[in-house]
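In this chain, numbering begins with 1 at the start of the sequence shown. Remember, it's 1-based here, ligands and their atoms both numbered in the order they're listed.
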Amino acid sequence: MPANRIALVEGDIAVQHVDAIVNAANTSLLGGGGVDGAIHRAAGPELLAECRTLGGCPTGEAKITKGYRLPAKFVIHTPGPIWRGAPSPVGAVSTGEGSGVGGRDEDRLLANCYRNSLSLAVRHGVRAIAFPSISTGIYGFPIERASRIAVREVKAFLEKESGIEKVVFVCFSRGDFTVYQSALEEIANQ
Ligand code: AR6
């Protein structure tokens with residue numbers, strides 16, 4: 001059952017003992033604030049040096065580097081979408097009116113982040129992987145909506161792919177933890 005393979009913790013992703021941690025990066029892959037800054041600080045300058053060789057990464061796609069001084073062997077860098085749309089129900093078809101250009105595309109791009117990160121992880125033999133709450137900090141994606149997309153994508157991936165044994169959602173605050181807990185109860189345990 002996928003639910004047994006999904007864990008939720010409150011804390012710092014940079015200290016997680018997993019094979020790979022995911023970085024909520026930007027398209028330059030050259031570092032930033034938030035979780036990106038924390039990962040680069042903990043990994044050391046070699047991480048930025050390797051990132052410089054990657055030529056950036058489009059939103060929703062993913063690139064992998066070594067973890068350097070992190071407990072994790074790999075870092076998977078994925079730029080999430082910047083939230084611009086007005087909230088509408090997950091799965092609703094946007095008319096594009098009143099919700100900005102991106103109402104639906106942000107959902108799709110965020111889902112791509114999870115899916116592409118997991119595919120890349122499998123290709124590198126990763127068995128345990130930790131995700132932060134991509135796009136819900138500086139990029140402003142509403143966390144209730146983002147957490148449901150995250151859980152739905154991870155669950156769907158685990159159902160078809162047995163190579164990944166454990167996915168850990170790492171929440172940076174008690175409030176975020178509670179939101180993810182609700183999403184997990186609603187989706188993963190079905
Ligand atoms: N461990 C786990 N989660 C964390 C940590 C940490 N050490 N630090 C922050 N978070 P954000 P975004 C949470 O802003 O919204 C960067 O400058 C944070 O509380 O890091 O995708 C990049 O370079 C929030 O819940 O990422 C981009 O320019 C979540 O991580 C931009 O920010 C994501 O917040 C990306 O914005």
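Remark: Glu144 does not engage Arg148 in a salt bridge, criterion side-chain N to carboxylate O under 4.0 Å.
Taking any N or O of Phe172, backbone or side chain, none lies under 3.5 Å from an N or O belonging to ligand 1. Annotation: Asp12 places an N or O atom under 3.5 Å from an N or O atom of ligand 1; distance criterion only. Checked by distance only, ligand 1 and Gly137 come closer than 3.5 Å through their nitrogen or oxygen atoms. Taking only nitrogen or oxygen atoms, main chain and side chain alike, Ala14 does not reach within less than 3.5 Å of ligand 1.
Among all non-hydrogen protein atoms, the one lying nearest atom 14 (O) of ligand 1 is Ile138 N, 2.8 Å. For atom 1 (N) of ligand 1, the closest heavy atom belonging to the protein is Ile13 N, 3.0 Å. At the top of the distance list for atom 21 (O) of ligand 1, counting protein heavy atoms only, stands Ser135 N, 2.8 Å. Of the protein's heavy atoms, Tyr139 CG, 3.4 Å lies nearest to atom 36 (O) of ligand 1.
Within the 4.0 Å heavy-atom criterion, the part of Asp176 lying near ligand 1 is the side chain and not the backbone. Only backbone heavy atoms of Ala25 (N, CA, C or O) come within less than 4.0 Å of ligand 1; its side chain stays farther off. Only the side chain of Ala38 comes within contact range of ligand 1, with a heavy atom under 4.0 Å; no backbone atom does.
In this structure, Lys155 forms no cation-pi arrangement with Phe157, as its terminal cationic atom is not both closer than 6.0 Å to the ring centre and no more than 45° off the ring axis.
Close approach to Ala24 involves these atoms of ligand 1, each under 4.0 Å from a residue heavy atom: 21 (O), 22 (C), 26 (O), 35 (C). Within the listing of ligand 1, atoms 25 (O), 29 (C), 33 (C) sit less than 4.0 angstrom from a heavy atom of Ser133. In the vicinity of Thr136, heavy-atom distances shorter than 4.0 Å reach the ligand 1 atoms 15 (O), 24 (C), 25 (O). For ligand 1, the atoms sitting less than 4.0 Å from at least one non-hydrogen atom of Gly32 are 17 (O), 23 (O), numbered in the order shown with element in parentheses. With ligand atoms numbered from 1 in the order given, ligand 1 contributes 16 (C), 17 (O) to contacts under 4.0 Å with heavy atoms of Gly33. Of all atoms in ligand 1, numbered sequentially from 1 with element shown, those under 4.0 Å from a heavy atom of Val35 are 1 (N), 2 (C), 3 (N), 4 (C), 5 (C), 6 (C), 8 (N), 9 (C), 10 (N), 20 (O), 30 (O). Taking a cut-off of under 4.0 Å to the non-hydrogen atoms of Gly11, the atoms of ligand 1 that pass are 1 (N), 2 (C).
With hydrogens and angles ignored, the 3.5 Å screen pairs a side-chain donor or acceptor of Ser173 with a backbone N or O of Asp176. Between the side chain of Asp19 and the backbone N or O of Gly125, no donor-acceptor pair lies under 3.5 Å. With hydrogens and angles disregarded, a donor-acceptor distance shorter than 3.5 Å links the side chain of Glu161 to the backbone of Gly163. In terms of modelled atom types and a separation under 3.5 Å, the side chain of Thr53 and the main chain of Ala49 share no donor-acceptor contact. Between the side chain of Arg5 and the backbone N or O of Ile164 there is at least one donor-acceptor pair closer than 3.5 Å. A donor-acceptor contact shorter than 3.5 Å is absent between the side chain of Gln16 and the backbone of Ala72.
Linking ILVMFWY residues whenever their side-chain heavy atoms come closer than 4.5 Å, directly or via other members, leaves Tyr114 and Ile13 in distinct clusters.
Taking the side chain to side chain donor-acceptor pair (under 3.5 Å) definition, one finds that Arg123 meets it with nothing, sequence neighbours left out.
Considering Pro58, Cys113, Cys57, Ser135 in turn, Cys57 is the only one that fulfils the side-chain contact (heavy atoms from CB on, under 4.5 Å) rule with Pro79.
The closest approach between a heavy atom of Gly80 and any atom of ligand 1 is not below 4.0 Å.
Pairs passing the salt bridge (charged side-chain N to carboxylate O under 4.0 Å, His left out) check and including a residue from residues 54-75, sequence neighbours excluded, read Glu46-Arg69.
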